[in-house]
Visitor: 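So that we are looking at the same thing, I have put the structure below in structure tokens.
In each ligand, atom 1 is the first atom listed, and ligand 1 is the first ligand listed.
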Amino acid sequence: MTRKRVSSLVASLSLDEKLRLLHGATDPDDSSVGYVPPIPRVGIPALRMVDGPMGVRAVGGSATAFPASVALAATWNPRLAREQGASMAREARAHGQNVLLAPGTNVVRVPHCGRNFEYYSEDPHLSARFAAASVRGIQSEDVVATVKHYVANNQETNRYRVSAAVSERALREIYLPAFRAAVEEADVGAVMTAYNRVNGTHMSDHRPLLRDVLKDEFGFDGFVMSDWWGTESSVGAARAGLDVEMPGVTFEERATAERLPEDVDPADVEFPETLPDMHEGGLFGEPLRDAIESGAVDESVVDGKVRRVLETMARFGLLGADSDGGRRGGELDTPRHRQLARRIAVEGTVLLKNEGALPLDEAAAVALVGPNADAAKLGGGGSSEVTPVARTSPVDGLRERAAECRFERGVPRITESSLFDAFGAGDGGESTADADDADDDASLDAALEAAAEADCAVVVVQDDTTESEDRDDLRLPGRQDELVSAVADAADRTVVVLRTGGPVQLPWVDEVDAVLETWYAGQAEGEALAAVLYGDADPGGRLPLTFGRRADDYPTAAPERFPGANDEVDYSEGVFVGYRYFDREDIAPLFPFGHGRSYASFEYGESSVERDGDEVTVTVPVRNVGNRPGKEVVQVYVRDEDPPVPRPPRELKGFETVRLDPGERRRASVTLDRDAFAYYDQDEGWVVSEGRFTLLVGRSAREIRDRVSVALG
Ligand code: BGC
């Protein structure tokens, strides 16, 4: 449908009908997380929205549970994000849905953040590559992608009130690039605003960031929706550029979708501080009509919003005589989706340390120890929870692959948070109640005996992170640190498998032989873990965030920077987020950004540089000098040698993944455009300083293999 026809469609709608398109309603099928009702009179179908980003959360339905977004980013392989996006979209369609509430692309600023697992990285370039790829994948299957949460939603503590006091430079250089890439490179159909405020204004009401930056400057022409119950006002939000209020109805009105126990009256539910006030809804309904009638909001403003919604629908084939309203079916839990979940889990596994313990010997007797190792770690708590059709735990995976495998829990199970516990309804998966029953069989002695008798002990440990709460500290919960040390003492060889949503402290790291980070590996965890442990596959992952030695080493250690005070959090570290801070302060991380080992070994040759106008291409010869096939991620960091303003000592601006057989040699090429050298100046905008830059070619932010110099002017 052409723009012109959309305009005449808008003109044919009554004010009532227009307002119906600007806020959600109760879903009669009870399958969507968000539902904008249809207008059958003129052939407008419903918008049906479901959560991602790690799989489809269709209410009450199952779907492929992919690894967490942080694991996806750890692959450093954006093609996988594209494939995962396309697969999620096919599954959304199979559930009759046409909008995916994914990807989440906030920058990991605070290592404690409960939602880090749903995001990609502490680095804006890596986040941007994955955001764009994911959006392209989702939209390639004619499902609208929603990039979220715009912007500076970097903590869960006090998320509805907190204001990020952040400089324009930090916004431009760190927090906005992934959103910009989703818009400018991938033409994303929808953007979801964040709950928090930025520099004092709620994001739903933030005219400079919504209208001026997102729409006018980046050229976003889709629609902006609020986060759930995250619309602050009617008039303010309408004028600022919010297009659609979600979910647009009160908790009471959509209580069935919340799967409340029968004896709970939705009107009586009191929400904890960690949840929004869901007794309010419909700000873009009656109150907006009143505002139009009183003249506070011009009806043309409403028309503009409706036009955005309908143009997006038209773009995705949801309008017009030959449209099926997005109900053309899809694909659910097919072999290719299952295999992709497994592949991402393998490629996202980061081998942090290996002193000869891995790969495991085929004949090895394995003691598998860990409080929750008999359940797959699907994800963290919250709106991203997915219920898969099938899942394999580490115990399943190892029992299938190992010559001999004894499982012992060792210490009591770690409770896993679910957002839905907050009002009494679980996700129907492996619940905490089952977990408590299982504690009876936790015996440290039995675990130590198993470890002592085995050739190798594999200890699976985890954190517990969830939307709406941040972690109190970066330690592994429960008695897991004690468990690892005791097993390391008892066993000949100890391999630790981390299942965490972000960095954790590893006080026992020197006592163990190998450490793998598998994040939240999703439904194929067990198979993927066995494949990596036995070397059937190379652990292909590299860290998308820094593992510091101590919580105090991170830039957000000061309380005013996290969790903030008086509803304000001070982003005074500016652009020095993640490794940019560790580098500036010269703090040695435990494992640096970009780090990850392979079972192969790689030799780097001398890099060469070619200039073509403003573009600089670095070419790096890499050879596999090991005796196994492996994957190497060649990373290029830029350093401004004489910056007029303080700049990070190195910033990732490009990377390329190469796969090499033993003895094989290839060239990795990374092209940097002018933007790769620029910083943001409040008055002048993007500036490239005249002078010398060094390109650092490495295996991580700290393992630099070569340097080349370029002069720009
Ligand atoms: C989350 C969003 C999610 C929405 C709908 C909110 O709590 O912040 O990421 O898409 O709920 O479930």
Visitor: Below 30° counts as parallel, above 60° as perpendicular, anything between as tilted: where do the rings of F130 and Y120 land?
Guide: tilted
Visitor: Relative to the ring of F251, is the ring of F271 parallel (under 30°), tilted (30 to 60°) or perpendicular (over 60°)?
Guide: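 Taking F251 first and then F271, their aromatic rings stand perpendicular (interplane angle over 60°).
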Visitor: Run the salt-bridge test on D221 and R308 with the 4.0 Å N-O cut-off and return the result as yes or no.
Guide: no
Visitor: Does the Lys NZ or Arg CZ of R561 fall within the cation-pi geometry relative to Y571 - under 6.0 Å from the ring centre and within 45° of the axis?
Guide: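 So R561 doesn't make the cation-pi contact.
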Visitor: Taking the six-membered ring for Trp, are H149 and Y119 parallel (under 30°), tilted (30 to 60°) or perpendicular (over 60°)?
Guide: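 The arrangement is perpendicular - the two ring planes meet at more than 60°.
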Visitor: Angle class for the H337/F66 ring planes (parallel below 30°, perpendicular above 60°, tilted otherwise)?
Guide: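 Judged by the thresholds at 30° and 60°, the geometry between H337 and F66 is tilted.
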Visitor: Heavy-atom cut-off of under 4.0 Å around ligand 1: list whichever protein residues fall inside it, by chain and number.
Guide: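 Lining ligand 1: V33, D51, R57, L101, R115, K148, H149, R159, M192, Y195, D227, W228, S383, E467.
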